[in-house]
Number of protein chains: 2
Amino acid sequence: MSAHALPYRPHNHQACVTQALADARSICQQQNVRLTPTRERVLELIWQSHKPLGAYDVLAKLTSEGHNAAPPTVYRALDFLQQQGLVHRIASLNAFTGCTHAGEHHTGMFLICRACGNVLELTDASVSTAIQNAANAEAFRAETVTLEVAGLCPGCQAEKAV
Amino acid sequence: MSAHALPYRPHNHQACVTQALADARSICQQQNVRLTPTRERVLELIWQSHKPLGAYDVLAKLTSEGHNAAPPTVYRALDFLQQQGLVHRIASLNAFTGCTHAGEHHTGMFLICRACGNVLELTDASVSTAIQNAANAEAFRAETVTLEVAGLCPGCQAEKAV
DNA sequence: CGTGCAAATGTTATAATATTGCACTTTTTG
DNA sequence: CAAAAAGTGCAATATTATAACATTTGCACG
Ligand SMILES: [Zn+2]
Ligand SMILES: [Zn+2]
Ligand SMILES: [Zn+2]
Ligand SMILES: [Zn+2]
């Protein structure tokens, strides 16, 4: 059901967006929450961007298409989308990105290219396990994990080599 | 040489601070960089707090003790301290905490209690390895890792149970 | 149907976090 | 000492996020 983005490969991105929106509608229906036009449009804008979008980037796009929006409009939509697991906030960028594992219970790990800005979301069991073990060893009850790795994606490594 | 804080146990914290400052002076001397009075005072303020301190918290303390400080004063000191590996920025809190492994080459993992606000910095080889492996599997060259785990520390779990 | 509640949105203002640019001072270096 | 580099003071501004309250919309219920 989920649209798993192919890492770093060119692809028909509009298909990703369409799939993500369809998934979102389905998830919201199941959860009996309302994916209102504003919320859906915000989700679409975030998905359309290949790079994480700041709240004010979203706001600017909404404004430019005639939507009478203010910061709370955007932040409320983003809060909703996060709660439904449809987008993630990247703390190290103050930006938001569409979840590529929506509907699956997961903790995301993000590979953020510092050159091109692209972000790849992963789920890796051995990482999750290691983190849980480390927390347990300190008797710490882990609830939410923020794991963001900055570096160079394959494409940008190649460019540097040239 | 480093002052490794005892996790979540009461301790003579002034000793931690003194040790951390001594370590910092030594590290800066080795690196041939200048731990100026402002920088040293900012580091001390951060260490004196048990919880991560926001830049404007630091600024307020400096101001209250007569230092003629503005935001750039603090951010510059913090940038310096981060570069020297003496403090870490906690992205999910927009706050700063003293590094308990200063001088050691390490990637920190932070256990952040959402109840009491305390932060414990860990280094865990199996976590680092798992993250590196996951990044390598995507041909991603990892450079900096942000790993912040929010949850409940042992003490606050106990309180909840009461 | 209405009527009434809860959820969602609009609107204004403001808070919190962070950076830019430029002048000035201190430290280092030759 | 003089020049260069590093650090600081200072004012303004940029960026990110929230508070507070009025208004509208969707929906359950009678
Ligand atoms: Zn996800
Ligand atoms: Zn890249
Ligand atoms: Zn550290
Ligand atoms: Zn606690």
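Chain identifiers are assigned alphabetically (A, B, ...) following the order of the sequence lines, protein sequences preceding nucleic acid strands; residue numbering begins at 1 within each chain. None of the values given here were measured: they were computed from a predicted structure. Side chains are part of it too, since the values below use all heavy atoms of this structure and drop only hydrogens, waters and symmetry mates.
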Between [X] and [N], is there a side-chain N or O to OP1/OP2 distance below 4.0 Å?
{"X": "B/Arg34", "N": "D/dA6", "answer": "no"}
{"X": "B/Thr38", "N": "D/dG7", "answer": "no"}
{"X": "A/Asn94", "N": "C/dT17", "answer": "no"}
{"X": "B/Arg76", "N": "D/dA6", "answer": "no"}
{"X": "A/Tyr75", "N": "D/dA17", "answer": "yes"}

Task: Donor-acceptor under 3.5 Å (A/Ser49 side chain, A/Ile46 main chain) - done: no

Distance in angstrom units between [X] [atom1] and [N] [atom2], rounded:
{"X": "A/Asn32", "N": "D/dC27", "atom1": "CG", "atom2": "P", "result": "10 Å"}
{"X": "A/Leu78", "N": "D/dT18", "atom1": "CG", "atom2": "C1'", "result": "14 Å"}
{"X": "A/Asp79", "N": "D/dA19", "atom1": "CG", "atom2": "P", "result": "10 Å"}
{"X": "B/Leu59", "N": "D/dC10", "atom1": "CG", "atom2": "C1'", "result": "13 Å"}
{"X": "B/Gln84", "N": "D/dA6", "atom1": "CD", "atom2": "P", "result": "13 Å"}
{"X": "B/Leu53", "N": "C/dA18", "atom1": "CG", "atom2": "P", "result": "12 Å"}
{"X": "B/Gln29", "N": "C/dT27", "atom1": "CD", "atom2": "C1'", "result": "16 Å"}
{"X": "B/Leu93", "N": "C/dA16", "atom1": "CG", "atom2": "P", "result": "16 Å"}

TODO: Give a yes or no on whether a donor-acceptor pair under 3.5 Å exists between the nucleobase atoms of D/dA17, that is its base, and the side chain of A/Tyr56.
DONE: yes

Give the nucleotide from the list [options] with an atom nearest to the side chain of [X].
{"X": "B/His67", "options": "C/dA18, D/dG9, D/dT16", "value": "D/dG9"}
{"X": "B/Asn68", "options": "C/dT9, D/dA6, D/dC10", "value": "D/dC10"}
{"X": "A/Arg39", "options": "C/dT12, D/dA17, C/dA8", "value": "C/dA8"}
{"X": "A/Phe96", "options": "D/dA17, D/dG7, C/dA18", "value": "D/dA17"}
{"X": "A/Thr73", "options": "D/dC10, D/dT16, C/dT11", "value": "C/dT11"}

Task: Exercise: do A/Asn136 and A/Arg141 side chains pair donor with acceptor under 3.5 Å - done: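 Distance-only check fails for A/Asn136 and A/Arg141.
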
Open item on the list: Between A/Gln19 and A/Asp23, is there a side-chain donor-acceptor contact under 3.5 Å, judged purely by atom types and distance?
Closed with: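 A donor-acceptor contact under 3.5 Å links the two side chains.
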
Task: Of A/Ala77 and A/Pro71, the one whose closest DNA chain C nucleotide lies more 5' - done: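 Here A/Ala77 is the residue nearer the 5' end.
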
Task: Closest-nucleotide ordering on DNA chain C, the 5'-leading residue of B/Asp57 and A/Pro72 - done: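 It is A/Pro72 whose nearest nucleotide is closer to the 5' end.
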
Task: Heavy-atom pair with the smallest gap, counting every atom of A/Cys16 and A/Trp47 - done: CB-CZ3, 4.2 Å

Open item on the list: Students often mix this up, so state it plainly: with edges at 30° and 60°, are the rings of B/His88 and B/Phe110 parallel, tilted or perpendicular?
Closed with: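 If you compare the ring of B/His88 with that of B/Phe110, the planes turn out perpendicular.
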
